[in-house]
2 protein chains.
Amino acid sequence: MSNTKVLPLLEADGRGVTPCCPPLTERPMTAEEAETAARMFKALGDPVRLRLFSAVASHEGGEACVCDISDVGVSQPTVSHHLKKLKEAGLLTSERRGTWVYYRVEPSVLAAMGKLLALPAAA
Amino acid sequence: MSNTKVLPLLEADGRGVTPCCPPLTERPMTAEEAETAARMFKALGDPVRLRLFSAVASHEGGEACVCDISDVGVSQPTVSHHLKKLKEAGLLTSERRGTWVYYRVEPSVLAAMGKLLALPAAA
DNA sequence: CGCCTGGTTCGACGTGTGTCAACATAGACG
DNA sequence: CGTCTATGTTGACACACGTCGAACCAGGCG
């Protein structure tokens with residue numbers, strides 16, 4: 001099944017990240033840019049998703065089994081639901097290895113979001 | 001009235017920003033940290049709010065009159081509603097000067113969110 | 001093959017959220 | 001003081017979203 005369709009939030013080609021939009025402070029975002037960027041923010045706008053994302057991102061090797069991170073206070077189907085949302089937002093990728101499913105962060109997305117919030121002076 | 005209660009997202013004391021939480025990649029966030037940080041992300045998780053925020057942030061002097069930024073495709077009450085949300089999230093502050101109301105970004109919040117997304121290697 | 005464990009999908013339900021029209025408030029200006 | 005412009009507030013409504021239990025797929029193992 002591949003990856004449920006990952007949004008074209010940004011072009012991640014290894015190291016050189018091409019962000020979807022300029023920094024928020026550079027100029028007013030267009031409607032299209034805002035639509036794109038808001039998807040990422042919205043994906044992280046839920047406490048459970050944020051914990052799941054952080055758990056994956058901070059896990060050794062940048063990846064984690066669902067069984068390792070599903071202790072966030074909600075039922076297991078809900079965990080799966082949120083992981084799917086994060087995957088659809090392009091923040092995570094999943095891979096099945098035998099019995100377990102591993103989730104991995106997309107580092108380029110983190111970098112792009114960081115640039116979005118970069119201060120002009122602190123750049 | 002004053003500022004509708006600004007959330008204690010972080011302690012902004014001029015230059016030294018004390019972020020609410022460690023970088024997402026450092027360790028799994030606690031439920032409390034996630035709750036706090038998710039509020040900020042959620043506030044930016046709407047395209048209209050993101051455009052409004054970007055319009056204010058990119059405006060000269062870091063502040064903008066409502067009349068300057070209310071051209072985002074929704075009705076005026078909706079604009080006011082979103083600006084209120086951004087204010088409640090601690091991302092904007094408002095000030096009435098005569099006839100017009102000016103909104104201003106809270107730069108420390110931007111910095112804190114940037115740190116939240118900072119990559120450990122790219123730090 | 002049958003079953004058990006790990007994970008996802010489905011269906012349903014309650015709450016939250018974005019939106020607008022209508023009304024209310026704050027200054028400016030005559 | 002009355003009125004006009006600029007914003008904010010209220011009430012209502014439709015839709016999206018988070019959550020769960022139950023049913024369903026995928027591998028491993030006896």
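Checking D/dG18, D/dT9, D/dC17 against the side-chain heavy atoms of A/Lys42 singles out D/dC17 as nearest.
When heavy atoms are screened at a 4.0 angstrom cut-off, A/Tyr103 is found touching the sugar-phosphate backbone but no base atom.
The OH atom of A/Tyr102 sits 17 Å away from the C1' atom of C/dT8 (whole-angstrom rounding). In this structure, CH2 of B/Trp100 is placed 7 Å from P of D/dA6, rounded to the nearest angstrom. What separates CG of A/Leu83 from P of C/dG7 is a distance of 10 Å, to the nearest Å. Rounded to a whole Å, the CD atom of A/Glu95 is 17 Å from the P atom of D/dA26. One can place CG of B/Leu86 at 16 Å from P of D/dT7, the figure rounded to the nearest angstrom. Distance B/Arg97 CZ to D/dT5 C1': 18 Å, rounded to the nearest Å.
For A/Arg96, the side chain to side chain contact (heavy atoms under 4.5 Å, CB included) partners are A/Val101, not counting sequence neighbours. Among residues two or more places apart in sequence or in another chain, the salt bridge (charged side-chain N to carboxylate O under 4.0 Å, His left out) test is passed with B/Glu32 by none. For the side chain to side chain contact (heavy atoms under 4.5 Å, CB included) test, residues two or more places apart in sequence or in another chain that qualify with B/Cys65 are B/Cys67, B/Asp68, B/Trp100, B/Tyr102.
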Compile the donor-acceptor pairs under 3.5 Å between side chains in residues 47-58 of chain B and protein atoms, sequence neighbours left out, one pair per line.
| unit_1 | atom_1 | unit_2 | atom_2 | d |
| --- | --- | --- | --- | --- |
| B/Arg49 | NE | B/Ala43 | O | 2.7 |
| B/Arg49 | NH1 | B/His82 | ND1 | 3.2 |
| B/Arg49 | NH2 | B/Lys42 | O | 3.3 |
| B/Arg51 | NE | A/Met29 | O | 3.4 |
| B/Ser54 | OG | A/Leu24 | O | 3.1 |
| B/Ser54 | OG | A/Arg27 | O | 2.9 |
| B/Ser54 | OG | A/Met29 | N | 3.0 |
| B/Ser58 | OG | B/Ser54 | O | 2.8 |
| B/Ser58 | OG | B/Ala55 | O | 3.4 |

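In terms of phosphate contacts, B/Lys85 brings a side-chain nitrogen or oxygen within less than 4.0 Å of OP1 or OP2 of C/dG18. For the pair B/Lys84 and D/dT7, the criterion of a side-chain N or O lying under 4.0 Å from OP1 or OP2 is not met.
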Please test A/Lys87 against A/Glu106 for salt bridge (Lys or Arg N to Asp or Glu O under 4.0 Å), starting from the C-alpha separation and ending with a verdict.
-> CA-CA 10 Å; A/Lys87 215 166 71 174; A/Glu106 201 63 64; over 6 Å; no

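Applying the side chain to side chain donor-acceptor pair (under 3.5 Å) test to pairs two or more places apart or on separate chains, those with a residue in residues 70-81 of chain B are B/Ser75-B/Thr78.
If you check residues 49-82 of chain B against DNA chain C, the residues with a heavy atom closer than 4.0 Å are B/Arg49, B/Val74, B/Ser75, B/Pro77, B/Thr78, B/His81, B/His82, listed by number.
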